[in-house]
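Report on one structure; see the data block that follows.
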Amino acid sequence: MKKVITYGTYDLLHQGHINLLRRAKALGDYLIVGVTNDNFDRERGKLNVQNNVLERVDAVRATGLADKIIIEDYVGQKIDDIQKYEVDIFAIGSDWEGKFDYLKEFCQVVYLPRTEGISSTMLREDLQEDIRIGVVGTGRIAERFVPESAFVSYAKVECVFDQDYDNACEFASRHHIAQVCHSYDELLVCVDAVYIATPHLSHYELCKEAILHHKHVLCETPLVLNGQQARELYSLSSHTRGNGVVLMEANKTAHSPAFNHLISMVKSGLIGDVVDVSASESKLWGDKFTRELDPEQAGGSMYEMGSYPLLPILKLMGINYSDVHFYSKMKNGIDVYTRGVIRYPNGICSFQLGMGVKTEGNLVISGTKGYAYVPSPWWLTDYFEFRYEDQNQNKKFFYMWDGAGLRYEIQEFISCIFNHRFSSARLRRRESIAMADIMQKFGERKNFMEI
């Protein structure tokens with residue numbers, strides 16, 4: 001049996017893709033199609049894929065031309081795949097003429113004629129317009145958001161609003177933003193979507209007002225500190241309530257390519273059944289008067305950092321936990337250290353957070369066959385290991401982390417808007433709500449012990 005392999009993004013699958021797949025299929029008896037992951041094309045300078053990898057795999061499968069579909073994750077994978085699957089022919093579009101001649105050492109290389117007059121880029125240009133974004137709040141994270149948005153196609157920061165108008169003017173000048181708004185209502189008139197980067201306690205009202213104005217919302221984590229408020233906001237954003245807008249919690253770790261690969265690999269059973277997830281994060285703050293240490297502004301370790309260690313716990317163990325307990329060291333009305341323990345029917349998880357106590361800052365996922373280890377700072381995942389009883393089986397995985405990392409969540413946000421997806425698999429609504437529920441339990445000081 002003669003095996004053929006080809007690769008592509010297959011974004012906005014069109015007749016040109018189908019023609020190329022048919023030509024590749026005709027070269028042999030068995031066609032393997034490699035679909036690039038969501039961020040594989042980032043070296044072109046833009047994260048411009050409209051359909052996520054699952055949607056693109058489904059589109060290729062629906063053609064009925066692929067006998068096997070694989071995901072292309074890394075540079076150099078083509079050689080590995082050719083050898084792994086004992087491929088006879090590598091086929092690719094003629095616009096890549098000569099670029100893959102190095103593969104002739106491993107198999108025959110065929111450059112196929114492409115269909116003229118159609119491409120994913122042309123379709124995107126015809127079908128899409130920029131999403132006009134208004135930035136609300138001008139703190140540290142907003143400073144990173146604007147330059148990161150420049151790497152995402154169709155994301156255009158249009159205007160900015162802050163309670164301090166002078167701060168907003170300075171922010172706009174630094175980032176070359178055309179318009180500074182005097183009020184939130186003024187900003188909502190000018191945009192299609194808002195990015196909310198204000199103190200935690202303002203999130204609920206700002207999100208709600210934007211949704212009622214039919215604006216898409218990307219809100220910094222934690223979305224809210226109350227489970228019922230989270231349920232209300234997600235319900236309000238839905239089609240059934242007449243708004244039909246995207247509401248997404250901006251947790252950058254949830255959208256990191258490496259973190260998503262880690263979760264997928266663990267879920268595939270490579271370390272067996274997960275029975276424990278342990279995550280730590282800490283930071284020593286020099287400025288004692290910063291908002292993050294102010295009890296009146298929901299300061300403290302749990303509110304400031306808790307959503308990050310909760311992320312792998314909820315992704316891997318689910319939202320149906322048995323109970324949760326908190327053990328905190330309090331100082332000046334905030335928790336400068338919190339240890340949380342979450343019990344599940346088939347496992348137990350824990351997290352450690354410090355804003356005056358330093359911890360290792362790693363992530364360990366324990367399974368019945370081995371464990372996954374992500375070194376500090378695990379929330380900026382670019383490397384992890386799978387470790388086993390037999391150390392010869394240990395594996396290390398390396399991934400790129402570009403810039404401040406916010407470009408990945410911005411790209412997913414824009415993709416959700418274009419594709420009318422109202423819940424991202426990277427951080428599902430139910431997981432966001434579960435985080436808010438746990439934050440609320442902490443705030444109510446139930447199952448809480450001071451140390």
Check your understanding: Taking the six-membered ring for Trp, is the centroid-to-centroid distance between Y10 and H17 below 6.0 Å?
Key -> yes

Side-chain ([X]) to main-chain ([Y]) donor-acceptor, under 3.5 angstrom:
| X | Y | result |
| --- | --- | --- |
| S282 | G354 | no |
| E431 | R428 | yes |
| Q297 | P199 | no |
| N251 | L311 | no |
| D130 | R132 | no |
| T63 | L65 | yes |
| D164 | D166 | yes |
| H216 | V245 | no |
| S301 | M355 | yes |
| W378 | E281 | no |

Check the side chains of [Y] and [X] for a donor-acceptor pair under 3.5 angstrom, ignoring hydrogens and angles.
| X | Y | answer |
| --- | --- | --- |
| H175 | E143 | yes |
| D81 | Y7 | yes |
| Q229 | N226 | no |
| S432 | Y234 | yes |
| D162 | T138 | yes |
| S415 | R421 | yes |
| Y195 | E220 | yes |
| E72 | T36 | no |

How about [X]: does its [atom1] atom have over 12 heavy atoms from other parts shown lying under 6.0 Å from it?
| X | atom1 | value |
| --- | --- | --- |
| D273 | CG | no |
| Q228 | CD | yes |
| N332 | CG | no |

Considering all heavy atoms, the nearest [X]-[Y] contact:
| X | Y | result |
| --- | --- | --- |
| A258 | D382 | CB-CA, 4.1 Å |
| A230 | I433 | CB-CG1, 4.0 Å |
| S366 | I271 | C-CD1, 4.5 Å |

[X] bridged to [Y] by N-O distance under 4.0 Å:
| X | Y | answer |
| --- | --- | --- |
| R429 | E249 | no |
| E409 | R426 | no |
| E385 | K395 | no |
| R291 | E304 | yes |

Review point. Going through the checks in order, is the side-chain contact (heavy atoms from CB on, under 4.5 Å) test met by R343 and C349?
Key: CA-CA 6 Å; R343 290 198 306 132; C349 302; over 6 Å; no

May I ask you to test the [X]-[Y] pair for a side-chain heavy-atom distance under 4.5 Å?
| X | Y | answer |
| --- | --- | --- |
| I365 | L262 | yes |
| L21 | V33 | yes |
| I334 | D294 | no |
| T9 | R56 | yes |
| V224 | Q440 | no |
| V146 | V135 | yes |
| F386 | K369 | no |
| I211 | K208 | no |

Exercise for review: Before giving the answer on side-chain contact (heavy atoms from CB on, under 4.5 Å), spell out for E209 and Y184 the whole-Å C-alpha distance, their side-chain angles and the decisive distance to 0.1 Å.
Suggested key: CA-CA 9 Å; E209 189 171 353; Y184 188 44; 3.5 Å; yes

Check your understanding: Are R387 and Y373 in a cation-pi setup, meaning NZ or CZ lies under 6.0 angstrom from the ring centre and within 45 degrees of the ring axis?
Key -> yes

Check your understanding: Looking at F151, is R407 sitting on its ring face, NZ or CZ under 6.0 Å from the six-membered ring centre and within 45 degrees of the normal?
Key -> yes

**Study point:** ring-ring contact (aromatic ring centres under 6.0 Å, His included) partner of Y399, the single match among F384, Y383, Y408, F259
**Key:** F384

Review point. For I348 and I342, what are the C-alpha separation, side-chain angles and deciding distance, and is it a side-chain contact (heavy atoms from CB on, under 4.5 Å)?
Key: CA-CA 6 Å; I348 188 165; I342 305 177; over 6 Å; no

